[in-house]
Amino acid sequence: MRWSKCFIPTLREDPAEAEVISHKLLLRAGMIRKLASGIYNFLPLGFKALKKIENIVRNEMNKAGALEILMPFVQPAELWKETGRWDDYGKELLRFKDRKEHDFCLAPTHEEVITEIVRKDVKSYKELPLILYQIAVKFRDEIRPRFGIMRAREFIMKDAYSFDADWEGLDKSYQKMYETYEKIFTYCGLKFKAVEAHTGAIGGDVSHEFMVLAETGEDVLAFCEKCGYASNVELTPAILGEKYSSEPEKPLEKVYTPGVRTAQEVADFLGLPVSKITKTLIYIINEKEAVAVCIRGDHEVNELKLEKLFPGKTFRMANEQEIKKIVGASPGFIGPKDLKIKVIADKALEGYPNFVIGANEDEYHYINANLGSTFKPDLIADVRKASEGDLCPKCKNPLQFTRGIEVGHIFKLGTKYSKSMKALFLDRDGQMKPFIMGCYGIGVSRVLAATIEQNHDENGIIFPWHIAPFQIAVLYLKKDFEEEAEKIYRNLSQKWDVILDDRDERPGVKFKDMDLIGIPLQIIFGKSYEKNKEVEVKIRKTGERKYLKPENLENFVNEFENEKN
RNA sequence: CGGGACGUAGCGCAGCUUGGAAGCGCACCCGCUUGGGGUGUGGGGGGUCGGCGGUUCAAAUCCGCCCGUCCCGACCA
């Protein structure tokens, strides 16, 4: 491709609308443009990178024996009503009516449709296992789209679905997809980690997320270097690494703490570490029952864990008025002692001597509270987020934490959809049985954003070899070298994706643009060529420069491709 | 959904407080210049000032409503 014939509208300045680096660079590199909030155009360069990712995914999926199909983006409500998700999915599901006033939605995912396909035409265990997938547009009407294509409303996703006759079959399909995902992200050139994850709105019980490691990631991962345990922190059991001293219980004492509300304020006021303070949070279960959750001041409640204590029930935090009504005190002065509602104490309070609690009376706290003698919780449970200093739930080594961007998520669905949609096959024992399903997603457009989030410097994007829209850039700095540059460009184009910067621009412009769009190898016809007919090869990632005779270029690129990737 | 901010040329912004001829930089077009990190210079084109309504002799500027966009929050009591 010649730059002059391509549409690459690069920007010199950061657009005001972009906050995170991948969003800024995607816009500046002329790869995407916003059409509406969370809805983007992919311009030629962005589209090309996207197609590279798609093809990597496609290749590996095909190798794993999955079959590519394409399902509709617009779906009838009837299917969604069958599984109950028409009501359960919430506002993320964008609904509308057609001219005949029939309900439709834009597909946020395709479990219903795939199950419909399979229940109609797969009748026998002999046709199993079956893995179908597509690479297609999805629409989720996110509460708050942000970060460009990282959390867009409309996005490209690869979604695959497996159908097995039994649970062992599902285990095998799941394992196969797990390994395929590892191959895909490795081939993409990404640093990633697979972690145990929460299943969320899709359902099922076992799931893993594939996380691209990046400081700007929205998720926190806990992992153990020793045994390999890794999970999304929202799922990690919290095992305190700290050993509590066996200091004797001191007498409970009510203290005047005017105007101090947050745990930190209380700690500062009393001259104690914030860990010695506890906070008590009031939750409303199913809009009727209130419960109190008591936790150390330096810990955070993990609502997912809380949710599991009340399966199937809705819950939310109480607001200030409700708290006053239930407790008789303002937020900030609530404590577990003498509460008339159910009290859940976090496990980390067990054996913790002499801590501070709210007195359920404005402007007062108790010091030297102890679990058991001061108050008896109705339940002691792990309800906090694991954090620095906690131990691996498998091998008890200290956990490590890092941030990541979720680019893939695989689930063992089981029979959630096949049962509710009556998707049955005839097994070898003559019984009709529901398919055992799995589903496997990759956010293709998000992979592009995550790649940039992980691979950039102050000059722009640094594309990994296999995702780069072009692998090689040829640029000549003087018109005199046009012919030679053309020759090299045509030559290398036979094996690789090459872009020729044939614009009549100053060298600085060409360099800046090429660095910005992140092409891994730049072949420069400039001073070195003028002097001794050697081209300069600049490696985008390291900034390293090599000087080669044009006839040696092909060998060099071959070697580079093999060793670096 | 709650809070905050913004909306002026393709992009980045100033002007608004205190109403009185719509500006700057980049980009774009033409000329010269320059040619290894967004060259310098001269000239030029481009605007329903987000929309509607109001106040006023006069509105980008003041007031009201609406639309759009971004940020923070939607669990830390």
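Everything numeric in this text was worked out from a predicted model, so none of it was measured. FYI, side chains are in, hydrogens and waters are out, and symmetry mates aren't considered; it's all heavy atoms of this structure. First the proteins, then the strands, lettered A, B, ... as listed; each starts at 1.
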Taking [M] as the reference, what is the distance to [N] when you measure between their [atom1] atoms (whole Å, please)?
N: G7(B); M: G50(B); atom1: C1'; value: 6 Å
N: U17(B); M: C62(B); atom1: C1'; value: 11 Å
N: A14(B); M: C52(B); atom1: C1'; value: 27 Å
N: A5(B); M: G44(B); atom1: P; value: 41 Å
N: G64(B); M: G23(B); atom1: C1'; value: 29 Å
N: G15(B); M: A21(B); atom1: C1'; value: 14 Å
N: C6(B); M: A58(B); atom1: C1'; value: 27 Å
N: G12(B); M: G38(B); atom1: C1'; value: 15 Å

Worksheet item: Starting at the 5' end of RNA chain B, which residue's closest nucleotide do you reach first, Pro15(A) or Pro507(A)?
Response: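 In this pair, the answer is Pro15(A).
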
Worksheet item: Given that Ile524(A) and Ala18(A) both sit by RNA chain B, which one's nearest nucleotide is further toward the 5' end?
Response: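 Going by which nucleotide is closer to the 5' end, it is Ile524(A).
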
Any side-chain N or O of [X] under 4.0 Å from OP1/OP2 of [N]?
X: Arg146(A); N: C71(B); answer: no
X: Ser37(A); N: G68(B); answer: no
X: Arg12(A); N: G38(B); answer: no

Item to complete: Answer yes or no on whether Lys276(A) is positioned over the face of Tyr352(A), meaning its NZ or CZ is under 6.0 Å from the six-membered ring centre and within 45° of the axis.
Response: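 Positive - Lys276(A) is close enough to the ring of Tyr352(A) and near enough to its axis.
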
Practice prompt. Report yes or no: is the cationic atom of Lys342(A) (NZ for Lys, CZ for Arg) closer than 6.0 Å to the six-membered ring centre of Tyr283(A), at no more than 45° off its axis?
Written response: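 Cation-pi check for Lys342(A) and Tyr283(A): fails.
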
Tell me what [X] touches on the nucleic acid: a base, only sugar-phosphate, or nothing, going by heavy atoms under 4.0 Å.
X: Asn302(A); value: nothing
X: Arg33(A); value: nothing
X: Glu536(A); value: base
X: Lys385(A); value: base
X: Asp504(A); value: base
X: Ala292(A); value: nothing
X: Arg384(A); value: nothing
X: Pro331(A); value: base
X: Lys510(A); value: nothing

Ignoring hydrogens and angles, answer whether the base of [N] and the side-chain atoms of [X] contain a donor-acceptor pair closer than 3.5 Å.
X: Glu17(A); N: G7(B); value: no
X: Asp14(A); N: G12(B); value: no
X: Asn459(A); N: G37(B); value: no
X: Glu300(A); N: C76(B); value: yes
X: Glu13(A); N: G25(B); value: yes

Discussion item. Under a 4.0 Å threshold between the charged nitrogen and the carboxylate oxygen, would Lys305(A) count as salt-bridged to Asp382(A)?
Written reply: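 Counted as a salt bridge, because a side-chain N and a carboxylate O are separated by less than 4.0 Å.
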
Discussion item. Does this structure show an ion pair linking Glu544(A) with Lys546(A), if we count only N-O contacts that are shorter than 4.0 Å?
Written reply: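 Salt bridge flag = yes for Lys546(A) with Glu544(A).
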
Worksheet item: If pairing requires Watson-Crick or G-U wobble contacts with both distances under 3.5 Å, which nucleotide is the partner of G2(B)?
Response: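 Base partner found: C72(B).
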
Discussion item. Which nucleotide, if any, forms a Watson-Crick or G-U wobble pair with A22(B), using both distances under 3.5 Å?
Written reply: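 A22(B) is paired with nothing.
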
[X] side chain, from C-beta outward: closest of [options]:
X: Thr262(A); options: G36(B), C75(B), A77(B); result: A77(B)
X: Leu281(A); options: G38(B), A77(B), G35(B); result: A77(B)
X: Ile143(A); options: G36(B), A74(B), C75(B); result: A74(B)
X: Lys538(A); options: G37(B), G36(B), C75(B); result: G37(B)

Practice prompt. For the pair Glu303(A) and Glu307(A), evaluate side chain to side chain contact (heavy atoms under 4.5 Å, CB included) and give the outcome as yes or no after the intermediate values.
Written response: CA-CA 6 Å; Glu303(A) 289 197 347; Glu307(A) 211 176 323; 5.8 Å; no

